[in-house]
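Okay, so here's the structure we're looking at.
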Amino acid sequence: MQPTPAADNDPLFEAINVSKSFGVFKALRDVSFRVDDGEFVSVVGPNGAGKTTLVNVVSGLLRPTIGEVRFMGRDIAGIGPVELARLGMSRAFQLVNIFPALTVRETLAVAVASRLRRIGNPFRSLRRDDVLQADVERVAEVLGLRARLDAVASALSQGEKKLLDIASAFALNPSVILLDEPTSGVSSGDKHAIMEVLVTAARAAGVRAIVQVEHDMDLVERYSHRIVALQEGTVLADMVPAAFFRDPAMISAVIGTRPKTLGGMH
Ligand SMILES: Nc1ncnc2c1ncn2[C@@H]1O[C@H](COP(=O)(O)OP(=O)(O)O)[C@@H](O)[C@H]1O
Ligand SMILES: [Mg+2]
């Protein structure tokens, strides 16, 4: 993906002056950001900064208390992930959201079936559905899971579980994909492998933008076109990686006193 210059283009999606309160607590305060065609945007910030809340709001899972969320020109505030996926935005979750007893094939079949509006079919008929099965195999192929199609999810390595979670989001054929810590809980070697698979798959699938929450600053620096840093629910910075990593105050605000990574935080 190559970012399109922001000038005069409509954003693919944007949050406009979004605040989100939980009771009296303000998790997001007046947050605005946009994502343009071709962009890979990383959302960073310390634990509790509001990153997951922001992803939940821009993916229509949570309705903002104040403000607007627009996707391809439509107001999508609170429309919910199923409807939003139909419009072309899908997400993977921070906690791997897979059923341990289902195989990779079955897990992806459920996601593809939902896209093809074959919800309600029992697994037996999904298994006989050639169009659906061809699509399951295509998605497994791009995410490097083809050899694991008949493995049950609980038998997958942590890295493979992450890929399955990402594959489920890809199965919805999204134009935008949101990932909350796609590499959390895997070794640093596996993190790079997952990111490479993700970026290659996104390119192959025609995904127009990726937004990820990520703590590993090596990955953030390497893959992002732009970094949105949150601190206590506000946007501390929205800049290109070169500017971000040149600013020691910025880095320490985001990663505290720890060197380079925020491993273990969420
Ligand atoms: N459903 C909720 N109810 C109450 N407080 C919440 C809820 N979700 C998140 N919060 C609070 O909002 C703040 C931001 O949370 P979150 O967005 O998960 O942060 P991050 O992902 O950056 O670690 C935290 O203080 C968290 O406790
Ligand atoms: Mg989080």
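Positions are given from 1, in the same order as the sequence printed here. Indexing begins at 1, ligand by ligand and atom by atom, following the structure's order. FYI, side chains are in, hydrogens and waters are out, and symmetry mates aren't considered; it's all heavy atoms of this structure.
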query: Of all the heavy atoms in Gly50, does at least one lie under 4.0 Å from an atom in ligand 1?
result: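 So Gly50 counts as touching ligand 1.
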
message = Using a 4.0 Å cutoff against the non-hydrogen atoms of Ala27, which atoms of ligand 1 qualify?
response =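 Reading through ligand 1 atom by atom, the close ones are 12 (O).
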
Short N-O contact, [X] and [Y], less than 4.0 angstrom:
| X | Y | result |
| --- | --- | --- |
| Asp75 | Arg70 | no |
| Arg105 | Glu137 | yes |
| Asp180 | Lys51 | no |

Item checked: N/O separation below 3.5 Å, Phe22 to ligand 1 -> no

* Asked: Below 2.8 Å, any N, O or S contact between Thr53 and the Mg ion (ligand 2)?
  -> no

> Do Lys162 and Ser184 have side-chain N/O donor and acceptor atoms under 3.5 Å apart?
Replying inline: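 Short answer, yes.
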
